[in-house]
Amino acid sequence: MVSPILLIAIPLFMAFSVPIWGLISKKLPKLVPFFTFAITTAILVSLLPTLFSGQQGFNLTSVTIAGIKPPYGINLTFGPASAFFALIIQLVALAASLYLFEYEPPEPAEKFYMLFILVVLGATGMVLTGDIFNMFVFLEITSISSYALTAINKTGHSAEAGFKYLLLGSLGSTLFLLGIALLYGSLRTLNMAQLSLYIHQGHLDPKVLMAVVVLFIVGLGVEAELLPLNGWVPDAYEAAPIPVVSILSGVVAKAGLYALARVLYTIIGIETGVLNLLLIFGILTLLSGELSALRQKDIRRLLAYSSIGQMGLIILALGGGNSPMAMVGGLFQAFNHAIAKGLMFLALGIMAAGFNKWDMESLAGVGKAKPYTTFLFTIGLLSTLGLPLFSGFWSKFLIIFGLVHSGQVVYAALALIGSVIEVVYFARLLGYLYGKDPSEELLNSTLESKKGFALLGMTFLAAFVILIGVYPDFITNFILGGTAELVYKSFYISSILGGI
Amino acid sequence: MSEAIKTFFSPSVLGPEIFYGSSVALFLIGLYMVLVKKNLVKIAIGLTFIESGVNLFLISIGYVWGKTAPILNKTLMMGTPSKEVVDPVPQALVLTAIVIGVAVTAMALSIVIVIHDKYGTLNISKIKELKW
Amino acid sequence: MIRRLFVLVLLIIIGYFLGTAMASIPFGAEKVDVGPYRSVGNYYVDNTVQETGGVNAVTSIVVLYRGFDTLGEVTVLFLAATGLAAILALTRERRKLKKEKPSLIMRVGTDYLFPAAIVLGSYVFLHGHLTPGGGFPGGVIIASGFLMLFLAQWRYKVDELGLKIIESLAGMTYVTIGLIGLFKLGTFLGNFLGKGTPGALLSAGIIPVIYIVIGIKVGSEMTGLLQNLRETTENE
């Protein structure tokens with residue numbers, strides 16, 4: 001019986017079983033993440049056809065756990081928005097797990113693989129769950145495994161980055177829990193559909209509502225890389241192993257983003273004026289990220305700041321939710337950002353493999369030493385810039401036009417300025433990668449031909465970038481359905497609780 | 001004896017202020033430690049203070065004056081049990097929250113151990129990256 | 001100084017903000033149903049005996065109504081043990097401590113208390129569906145027995161491979177119980193065992209089974225955590 005619950009149960013089983021595989025052969029644990037994600041991706045893809053049927057053109061299934069109907073039991077929701085984010089997570093995880101085949105993880109390797117599976121599991125759970133406390137539990141699974149993976153290199157630098165992340169992250173999730181406690185105290189329920197219904201009917205004291213909004217934005221903003229809470233991002237991206245970084249930007253940040261969107265749109269509801277908060281947070285995050293990226297020499301830090309900027313753009317787009325166009329662009333951008341940044345980080349890992357220097361000077365001319373990898377990196381980069389024929393074009397286009405359409409012309413102009421800054425530093429980066437001659441050391445570093453599986457995973461992601469760039473209809477159904485699911489509360493509520 | 005305890009915990013002697021107030025106080029003390037203290041271990045302790053504050057709040061929203069623990073016996077099962085016992089849900093939630101808090105504290109301390117091994121100090125102003 | 005002042009002002013603002021929000025939730029009031037649905041707490045208390053066969057409402061919630069959270073919680077603890085072992089592995093300098101022997105009282109006391117801790121821990125998790133307690137406290141009591149051993153005998157070490165295998169098998173069993181529910185009843189973690197007489201040791205379906213698994217898992221994980229955090233006397 002295929003059920004969305006398997007997307008959580010199977011990785012959990014596999015993560016617990018890694019030491020048992022390790023007993024049989026030392027080489028087996030390396031393969032476990034890939035097989036796990038291959039199975040879960042297959043399950044997810046086989047479930048997708050069920051999404052697009054019914055009257056509205058899409059539907060939302062609620063999966064009960066322990067046979068107890070919502071709102072009394074925990075339920076999973078499998079609708080277009082959840083499925084869309086789950087798909088993003090699985091694609092990036094699949095590519096990153098292929099990268100692991102030729103990657104020597106920090107010792108002890110078994111623990112690394114377990115943590116790697118668990119971080120993806122936690123993110124998938126956050127995206128699928130229909131219960132707010134359950135979302136907190138999955139948020140903690142995601143973030144605790146990310147702390148461990150950030151610090152796993154065991155250098156002083158990685159420990160510092162890990163501590164910084166842990167401090168902000170655990171503060172954030174405790175605030176999220178406080179928000180849940182306030183909601184439970186007032187409304188005596190934890191089911192998201194029921195909370196949404198009660199808030200919509202005005203059972204919540206406005207003072208509590210305001211506190212909850214602030215606590216949720218601060219709590220989830222750590223994972224979603226919002227401005228005052230993203231101090232951990234550059235350090236963590238610099239200190240963590242490369243496959244982990246691609247997971248942090250492609251999986252953890254997206255799960256945080258989904259949680260933020262779900263909580264603010266579905267539970268709190270956009271009529272309460274949270275959108276203005278999102279617009280302000282979004283634009284500040286966008287501009288600060290892009291401006292900081294200008295000064296970076298280390299490519300990982302540069303990409304980290306660029307990632308912050310992109311997350312700011314997505315939050316900005318979600319803030320333009322009065323116009324569905326901006327919202328659609330935001331979800332599309334979430335997909336593009338996850339795929340393109342995942343691709344860029346993985347490619348960067350190969351570019352610096354056997355060499356381990358990450359600044360622009362040392363990697364100058366890598367386009368001649370490792371042409372195919374650099375080519376893949378460039379695809380990701382151009383998509384991030386939003387060039388036509390790459391998938392990033394459509395999403396940026398939609399966001400900016402959507403913002404103009406909903407009357408936020410100032411924000412649209414600022415977002416355009418952010419994109420121009422992006423062009424400046426990425427052009428400079430490309431100049432270094434292609435324009436110079438490679439150093440001896442770079443030429444002697446590990447050949448790309450030894451990284452076949454990793455290149456396969458990256459080619460897979462790059463193919464998505466191009467495919468969707470040329471033929472965006474491939475995922476538009478998803479995005480339109482996802483936007484509708486997030487915005488129309490009554491659809492969500494009636495799908496889960498039944499008609500009222 | 002039990003009468004005395006009941007009077008002590010009745011609303012007239014200890015108002016809701018004591019529970020909500022102490023949870024806010026714990027939260028603020030913890031936040032102060034996280035923001036001001038220089039010692040990594042003290043920061044980690046501050047985090048556990050914040051967690052305790054939230055947990056105390058979570059458990060106190062489930063309380064109902066004068067009601068008993070949500071374990072049913074024959075007498076309770078005769079009537080409507082929900083009128084006789086406190087709300088069990090926050091207790092179940094707080095159990096989860098405590099375990100998660102322990103996990104976070106364990107991770108924090110293990111990272112602190114690595115930092116101490118590498119730098120020989122716990123003072124954040126002597127470690128370059130941790131200043132922000 | 002200015003920084004502290006700033007922090008204090010910030011704290012006062014946050015405190016006021018939280019205080020006003022909290023004050024609108026009356027403390028100790030009756031838990032009435034807010035809207036068209038029953039409040040989940042009241043629903044659980046009134047239906048736990050019929051639906052789950054367990055008399056302890058908190059355990060019924062922890063294991064069945066919100067069993068998925070508990071699976072997550074077990075995962076978090078597993079994560080903590082795994083992450084700790086991953087971060088502290090190999091690199092950690094094993095410093096030589098002063099070789100001061102544990103006192104006689106500690107050593108002799110442990111000889112008597114260790115078995116008692118194991119028995120008490122097992123009792124607590126076996127009776128989780130009847131009395132306060134359950135898998136988590138039970139597991140922690142067992143781990144505290146090992147903590148005593150660590151304190152009383154400097155050289156004592158638990159076999160790490162064994163711990164690892166117990167942890168894995170217990171976790172896999174938990175997920176498998178959930179999956180059996182999925183295949184037999186069509187719902188993950190479904191209660192596929194009989195409910196029995198409320199209040200009897202063999203009752204409440206899968207609750208005791210899951211609590212036994214949790215007890216074993218928590219016990220081995222906490223022991224592993226303690227062992228990793230302990231500083232040993234010998235260089236390895």
Side-chain angles (χ1 to χ4, degrees), chain B residues 9 11 15-21 23-25 27-29 31-32 35-36 53 57 60-67 69-74 76-77 80-93 95-100 102-107 109-111 113-114 117-118, chain C residues 3-4 7-8 10-12 14-15 18-19 22-23 25-31 38-46 48-49 55-62 65-66 69-70 72-74 76-77 79-81 83-84 87-88 91-93 130-132 134 136 198-199 218 222 225 228-229:
Chain B
F9 282 105
E17 296 85 10
I18 189 76
F19 294 97
Y20 287 175
S23 77
V24 174
F27 184 89
L28 294 181
I29 293 170
L31 201 57
Y32 179 82
L35 291 173
V36 170
F57 175 64
S60 45
I61 56 174
Y63 186 66
V64 186
W65 290 115
K67 299 293 165 68
I71 297 178
L72 309 181
N73 54 28
K74 290 222 167 63
L76 282 178
M77 276 188 256
T80 318
S82 62
K83 294 218 183 330
E84 306 298 327
V85 299
V86 301
D87 191 348
V89 178
Q91 303 191 9
L93 300 187
L95 184 63
T96 308
I98 289 172
V99 171
I100 288 173
V102 168
V104 171
T105 312
M107 286 303 303
L109 290 178
S110 66
I111 295 179
I113 290 174
V114 174
D117 275 0
K118 299 291 169 188
Chain C
R3 182 189 160 91
R4 285 195 183 195
V7 168
L8 280 178
L10 186 76
L11 290 183
I12 290 168
I14 294 175
L18 283 181
M22 284 177 180
I25 299 168
F27 178 80
E30 285 287 337
K31 308 306 175 210
R38 295 211 59 194
S39 124
V40 277
N42 291 345
Y43 174 86
Y44 291 156
V45 173
D46 287 345
T48 168
V49 176
V55 288
N56 183 344
V58 179
T59 1
S60 303
I61 295 170
V62 167
Y65 291 113
R66 304 192 61 84
D69 276 350
T70 307
E73 184 185 350
V74 171
V76 168
L77 205 60
L79 256 175
L84 200 94
I87 291 174
L88 293 182
T91 54
R92 204 169 146 212
E93 289 171 33
L130 304 175
T131 53
F136 287 90
V218 171
M222 292 304 283
L225 259 165
N228 271 310
L229 281 173

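All chains are named by letter (A, B, ...) in the order of the sequence lines, taking the proteins before the strands, and each is independently numbered beginning at 1. Not measured: the values here are computed from a predicted model.
- Contact of Leu225(C) with chain B is made through the side chain alone, with heavy-atom distances under 4.5 Å.
- Per-residue heavy-atom pair counts under 4.5 Å with chain B were compared for Val76(C), Ile61(C), Thr48(C), Asp46(C), and the maximum is reached by Asp46(C).
- Residue Arg66(C) forms a side chain to side chain contact (heavy atoms under 4.5 Å, CB included) with just one option from Thr96(B), Leu95(B), Leu93(B), and that option is Leu93(B).
- Within the 4.5 angstrom heavy-atom criterion, no atom of Ile98(B) approaches chain C.
- Between Ile14(C) and Leu31(B), the closest heavy-atom pair is CD1-CD2, 3.6 Å.
- Between chain C and the options Asp87(B), Ile111(B), Thr105(B), the largest number of non-hydrogen pairs under 4.5 Å is found for Asp87(B).
- Tyr32(B) places no side-chain N or O within 3.5 Å of a backbone atom of Arg4(C) that could act as its donor or acceptor partner.
- Atom OG of Ser110(B) and atom CD1 of Ile87(C) lie 4.0 Å apart (nearest 0.5 Å).
- Contacts with chain B were tallied for Val58(C), Asp69(C), Val62(C); Val58(C) has the most, counting heavy-atom pairs under 4.5 Å.
- Between Leu10(C) and Leu35(B) the shortest side-chain heavy-atom distance falls below 4.5 Å.
- Among Val36(B), Val102(B), Leu109(B), the residue with the largest count of heavy-atom pairs under 4.5 Å with chain C is Val36(B).
- Of all the listed residues (Ile100(B), Val104(B), Val89(B), Val64(B)), the one sharing the greatest number of non-hydrogen pairs under 4.5 Å with chain C is Val64(B).
- For a residue to count as touching a neighbouring chain, one of its non-hydrogen atoms must lie under 4.5 Å from one of that chain's; by this rule Ile12(C) does not touch chain B.
- Considering only heavy atoms from C-beta on, Leu18(C) stays 4.5 Å or farther from Tyr20(B) through its side chain.
- By the side-chain contact (heavy atoms from CB on, under 4.5 Å) test, Ser23(B) is found to be paired with Leu56(B), Phe57(B), Met22(C), residues two or more places apart in sequence or in another chain being considered.
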